Amino acid sequence: MTTMNAHQAYKTTGTNTATPAELTLMLYNGCIKFIKLAKLAIAEKNIPERHTNIIKAQNIIRELRYTLNMNIELSKGYAQLYDYMLDKLIEANTKNDEAILDEVAGFVTELRDTWKQAMKIANKK
């Protein structure tokens with residue numbers, strides 16, 4: 001088995017065995033990663049790479065929004081925030097704007113950090 005195949009198998013196993021809470025954390029981390037890669041692509045003037053990574057970040061935000069339970073009041077606020085972030089990612093892509101990506105990355109990082117804290121509290125019970 002090649003190193004790349006072993007790495008892919010490890011990632012697949014991790015995703016398949018992760019709890020819903022861990023999967024959500026992975027999504028937040030992936031979104032942050034793709035925003036960072038998009039910023040790097042902007043700096044390198046690599047428009048196709050910027051576009052690809054922003055689209056990946058958008059897809060993650062869409063997935064997070066899709067999984068919300070709208071019967072829970074808090075979910076409505078999250079839905080609005082996710083919609084705002086999606087709009088900002090589209091704007092960042094069309095305007096080639098790192099500052100907008102920084103704004104979205106800030107929101108996602110805050111959500112991720114809050115989620116990690118909630119996971120720690122839940123695991124102590």
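We number each residue from 1, following the sequence as shown. In this text the structure is predicted, and so the values were computed from the model without any measurement.
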Would you name the heavy atoms of Ala57 and Ile35 that are closest together and state the gap between them? CB-CG1, 4.0 Å
Name every donor-acceptor pair, under 3.5 Å, that has one atom in a side chain of residues 83-91 and the other anywhere in the protein, sequence neighbours excluded.
from: Asp83; atom 1: OD1; to: Arg65; atom 2: NE; distance (Å): 2.6
from: Asp83; atom 1: OD2; to: Arg65; atom 2: NE; distance (Å): 3.4
from: Asp83; atom 1: OD2; to: Arg65; atom 2: NH2; distance (Å): 3.4
from: Tyr84; atom 1: OH; to: Glu103; atom 2: OE2; distance (Å): 2.5
from: Lys88; atom 1: NZ; to: Glu91; atom 2: OE1; distance (Å): 3.0
from: Glu91; atom 1: OE2; to: Lys95; atom 2: NZ; distance (Å): 2.9

Contacts satisfying salt bridge (charged side-chain N to carboxylate O under 4.0 Å, His left out) that involve residues 35-48 (not counting sequence neighbours) are Lys39-Asp102
Examine distances only and state if a side-chain atom of Glu110 and a backbone atom of Phe107 form a donor-acceptor pair shorter than 3.5 Å. no
For residues Lys33 and Lys56, determine if any side-chain heavy atom of one lies less than 4.5 Å from a side-chain heavy atom of the other. no
Rounding to 0.5 Å, atoms CG (Leu101) and CG (Leu37) come to a distance of 11.0 Å
So, for Ile54 and Ala38, which heavy atoms are closest and what is the spacing to 0.1 Å? CG1-CB, 3.6 Å
Evaluation steps, side chain to side chain contact (heavy atoms under 4.5 Å, CB included), between Asn53 and Leu40: CA-CA 10 Å; Asn53 284 296; Leu40 181 62; over 6 Å; no
Using the rule given for side chain to side chain contact (heavy atoms under 4.5 Å, CB included), can you reason through Tyr28 versus Leu64, listing the C-alpha separation, both sets of side-chain angles and the distance that settles it, and then say yes or no? CA-CA 9 Å; Tyr28 284 134; Leu64 289 165; 3.5 Å; yes
Closest approach of Ile61 to Tyr82 (non-hydrogen atoms, all atoms of both residues): CG2-O, 3.5 Å
Show your reasoning for whether side chain to side chain contact (heavy atoms under 4.5 Å, CB included) applies to Asn59 and Phe34. CA-CA 11 Å; Asn59 288 340; Phe34 293 127; over 6 Å; no
Return yes if some donor-acceptor pair links the side-chain N/O of Ser75 with the main-chain N/O of Asn71 below 3.5 Å, else return no. no
Test side chain to side chain contact (heavy atoms under 4.5 Å, CB included) on Leu23 and Met26 and set out the steps. CA-CA 5 Å; Leu23 288 172; Met26 287 179 196; 4.1 Å; yes
Testing the basics here: between Cys31 and Ile60, what is the closest heavy-atom pair and its distance to 0.1 Å? N-CD1, 3.4 Å
Any chance you could measure His51, atom NE2, to Asn93, atom CG, to the nearest 0.5 Å? 5.5 Å
Within this structure, what is the CD1-CD1 distance for the pair Ile42 and Ile100, rounded to the nearest 0.5 Å? 9.0 Å
Please check this pair: side chain of Trp115 against backbone of Ala21, looking for a donor-acceptor N/O pair closer than 3.5 Å. yes
For the atom pair CD (Glu63) and CG (Leu68), what is the distance rounded to the nearest 0.5 Å? 10.5 Å
